[in-house]
Amino acid sequence: MSIDPGFMSKYALVLTGFGGAFLAALWVSLVVWTYRDIRSRARDPLVQILSALLVAVLNIPGVLVYLILRPQRTLEEEYQHTLEEETLLQSLEDQLLCPGCERRVKEDWQVCPNCQTRLRKACQHCERLLELPWNICPYCGTVVPGARKESIDLDDALRDLQLSDDPNKTSSTLS
């Protein structure tokens with residue numbers, strides 16, 4: 001059994017063709033991968049083009065150089081990291097501070113334990129904590145004693161004062 005030299009040369013030519021096609025496909029795929037990867041890591045078009053050219057000119061050594069020099073995080077990862085930082089800062093800012101001493105206080109405290117500043121008041125009806133400027137309890141609707149009524153005119157205010165001074169008088173005797 002002898003090997004035909006013509007067959008071997010054609011076989012070698014086909015193998016060389018497939019090897020060349022494989023190397024060309026590898027080269028193109030590395031350039032495309034590099035371009036897609038740098039687009040997810042950098043916004044600058046010049047950096048994107050230079051990275052793809054580096055791989056196009058140097059091929060596998062260019063990919064190694066690119067992998068060393070590329071940004072560590074993608075733009076999406078940077079965005080998520082920024083959101084996490086902002087969320088942490090917001091949670092720190094959302095914690096309540098005492099207006100007197102600027103120390104952190106809890107939401108259910110009535111008095112600051114550091115400077116004794118009054119932080120909240122309790123509703124006389126339901127005992128839930130109210131903010132100091134509130135004139136009415138949002139939980140039970142009880143008006144806070146001594147609160148100023150917003151939509152009251154002078155006649156109604158005087159009538160209420162006269163009723164509170166003389167408990168024997170009724171509103172029908174005033175009218």
Strictly distance-based, threshold 3.5 Å: is any side-chain N or O of R73 a donor or acceptor partner for the main-chain N or O of E78?
no
Donor-acceptor contacts under 3.5 Å from residues 121-131 side chains, at least two apart:
{"unit_1": "K121", "atom_1": "NZ", "unit_2": "L132", "atom_2": "O", "d": "2.9"}
{"unit_1": "K121", "atom_1": "NZ", "unit_2": "W134", "atom_2": "O", "d": "3.1"}

If you round to the nearest 0.5 Å, how far is CD of Q90 from CG of L88?
11.0 Å
Minimal heavy-atom distance between G100 and T117, with the atoms involved, is CA-OG1, 3.9 Å
Looking at T142 and C140, what are the two nearest heavy atoms and their distance?
OG1-SG, 2.9 Å
List the atom pairs, donor and acceptor, that lie under 3.5 Å between side-chain atoms in residues 14-28 and the rest of the protein, sequence neighbours left out.
{"unit_1": "T16", "atom_1": "OG1", "unit_2": "A12", "atom_2": "O", "d": "2.6"}
{"unit_1": "W27", "atom_1": "NE1", "unit_2": "A56", "atom_2": "O", "d": "2.8"}

Rounding to 0.5 Å, atoms OG (S9) and CG (D4) come to a distance of 8.0 Å
Can you get from W33 to V31 by hopping between Ile, Leu, Val, Met, Phe, Trp and Tyr side chains that sit under 4.5 Å apart?
yes
Between L119 and C112, which heavy-atom pair has the shortest distance, and what is it?
CD1-N, 3.6 Å
Take atom CZ of R120 as the centre, draw a 6.0 Å sphere, and report whether it contains more than 12 heavy atoms from other residues, nucleotides or ligands.
yes
Within a radius of less than 6.0 Å around CZ of R103, do more than 12 heavy atoms belonging to other residues, nucleotides or ligands occur?
no
Is there a path of hydrophobic side-chain contacts, each under 4.5 Å between heavy atoms, that joins V47 and L64?
no
Just by distance, no angles: are the side chains of E76 and Q80 close enough, under 3.5 Å, to form a donor-acceptor pair?
yes
Tell me whether V55 shares a hydrophobic cluster with L69, the cluster being built from Ile, Leu, Val, Met, Phe, Trp, Tyr side chains joined at under 4.5 Å.
yes
Closest heavy-atom pair and its distance - I38, Q48
CG2-CA, 3.6 Å
At what distance, to the nearest 0.5 angstrom, does OG1 of T34 lie from CZ of R36?
11.5 Å
Taken to the nearest 0.5 Å, the spacing of L54 CG from I49 CD1 works out to 13.5 Å
Rounded to the nearest 0.5 angstrom, the CG-CD distance for L96 and E107 is 6.0 Å
Could you point out which residue of L67, I60, N59 forms a side chain to side chain contact (heavy atoms under 4.5 Å, CB included) with V63?
L67
Show the nearest heavy-atom pair for residues Q72 and R41, with the distance to one decimal.
O-NH1, 3.0 Å
Under the 4.5 Å side-chain heavy-atom rule for ILVMFWY, direct or indirect, which residues accompany L50?
L46
Show the nearest heavy-atom pair for residues C115 and C98, with the distance to one decimal.
SG-SG, 3.4 Å
Side chains of H81 and E77: donor-acceptor distance under 3.5 Å anywhere?
no
